[in-house]
Amino acid sequence: MFVARRFMTSSVQPVRVAVTGAAGQIGYALLPRIAAGEMLGPNQPVILHLLERDDPKALAALEGVVMELQDCAFPLLRGVVATSDINKAFDSVDYALLVGAKPRGPGMERADVLKDNAAIFKVQGRALNESAKKSVKVCVVGNPANTNAMIAAANAPNIPATNFTSMMRLDHDRAMAQIALKLGASSVADVEKLVVWGNHSATQYPDLSNAVIKGKSVAKNVDQEWVRNTFIPTVQQRGAAIIKARGVSSAASAANAAIAHVRDWVLGTNGRIVSMGIPSDGNPYGVKEGLLFGFPVTCQNGQYKIVEGLQWDEFGKGAIERTIKELQEEKDAVKHLL
Ligand SMILES: NC(=O)C1=CN([C@@H]2O[C@H](COP(=O)(O)OP(=O)(O)OC[C@H]3O[C@@H](n4cnc5c(N)ncnc54)[C@H](O)[C@@H]3O)[C@@H](O)[C@H]2O)C=CC1
Ligand SMILES: O=C([O-])CC(=O)C(=O)O
């Protein structure tokens, strides 16, 4: 049995997965899980391409990460490229998780790191364009993730813009958890049809109006006061709450969300709705085009598709307007990089 499994595994060609900021705290939580097959499945061998800043401390830390990956003896890990050379890091990659960027500290909003981080994503968009496979699927984690993904896409004209996504999954999972806790669901997985719209920021709109638990409406079982004054602000401010508690931003949950984002995109959601930051062009909700916006999607055969037909009430419409406005402001602030 064991021999047969090994044989089956070895017949699948490895894919190349780039992770930037690989020696950072999210990288540390993410890499063993990718190498263990949690992102692309238990039969998919991977070659990891790890990018770090050209800085002796960062590169020494990266060397330590590589040693630990070796020491895990992951059967699916077929090679590691660890480098500060961006073109090597993106050479022929099938997937790119763009994590490396400055995190915010206490009291800051994510947009406060835009000035420092935006330039990174211009350089990385260009390098992906030059070196990655044209089919590369990109998930941007580094903040502010939506606008950074838009910058990378704008600088990679040979790669379809729809291949650039930003991570809204942490917000989605946080919202699911809050609902499950509130209504005593036996498993978070029972919560379905939840959406987080807009920006990965304090203006995001976690929307439970269509959510169900085992087919029963969530909205009908919670009061509006809780939704507006507890649920939405808790999800919007969860990142800040974690920074306040830990002194540094979320890492284990962020890595988990990145794994789920890419896994669902590649392996499919089986009809379940998830939230992904994707280009707004051609969306059926009338959201202004040219933005990277959190939408409800389902995924099948390696493609995501926006779920149509959900409604916003007046409160929802106001929330959507605020998050569009913020994304437009972020876009205006980086127009020199687009
Ligand atoms: N979208 C989301 O839901 C979330 C996003 N984040 C964001 O993810 C980013 C990374 O967070 P952490 O891992 O906690 O930060 P960290 O500071 O622990 O690690 C970042 C790593 O990136 C490296 N780096 C910086 N610039 C780079 C570049 N140009 N090329 C390659 N590597 C580079 C640094 O040397 C460092 O090792 C931050 O911007 C953070 O705000 C964090 C949590 C959730
Ligand atoms: O809040 C932060 O700065 C890190 C992050 O994006 C999150 O935890 O959602």
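Every heavy atom of this structure was used, including side-chain atoms; hydrogens, water molecules and symmetry mates were not. Ligands are counted one by one from 1 in listed order, and the atoms in each one are counted from 1 as well.
P279 and F164 get closest at one heavy-atom pair: CD-O, 3.7 Å.
No single ILVMFWY cluster, assembled from side-chain heavy atoms under 4.5 Å apart, contains both M168 and L114.
Atom-to-atom distance recorded for N283:CG and I306:CD1 is 5.0 Å, nearest 0.5 angstrom.
Using cut-offs of 30° and 60° for the angle between ring planes, the W265 and H261 rings count as perpendicular.
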K305 vs Q300, test: side-chain hydrogen bond (donor to acceptor under 3.5 Å, both in side chains). Steps then yes/no. CA-CA 8 Å; K305 188 169 179 294; Q300 202 179 1; over 6 Å; no
Are D313 and K317 close enough, and set up right, to give a salt bridge (Lys or Arg N to Asp or Glu O under 4.0 Å), and what steps lead you there? CA-CA 6 Å; D313 60 12; K317 283 181 193 158; over 6 Å; no
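Distance alone, capped at 3.5 Å, places no donor-acceptor pair between the E289 side chain and the D281 backbone. E52 contributes no side-chain N or O that, together with a main-chain N or O of A82, makes up a donor-acceptor pair within less than 3.5 Å.
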When you pair each N or O of ligand 2 with protein N or O atoms, which pairs come out under 3.5 Å?
from, atom 1, to, atom 2, distance (Å)
ligand 2, 1 (O), R104, NE, 3.1
ligand 2, 1 (O), R104, NH2, 2.7
ligand 2, 1 (O), R110, NE, 3.3
ligand 2, 1 (O), R110, NH2, 3.1
ligand 2, 3 (O), R104, NE, 2.6
ligand 2, 6 (O), R110, NE, 2.8
ligand 2, 6 (O), N143, ND2, 2.8
ligand 2, 6 (O), H200, NE2, 2.6
ligand 2, 8 (O), R174, NH2, 2.7
ligand 2, 8 (O), S250, OG, 2.5
ligand 2, 9 (O), R110, NH2, 2.9
ligand 2, 9 (O), R174, NH1, 2.8
ligand 2, 9 (O), R174, NH2, 3.3
ligand 2, 9 (O), H200, NE2, 3.2

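Listed by chain and residue number, the protein contacts of ligand 1 are G21, A23, G24, Q25, I26, L51, E52, R53, V99, G100, A101, K102, P103, I120, Q124, V141, G142, N143, A145, M167, L170, H200, S249, S250, A254 (heavy atom within 4.0 angstrom).
Between Y285 and W312, the distance from one ring center to the other falls under 6.0 angstrom.
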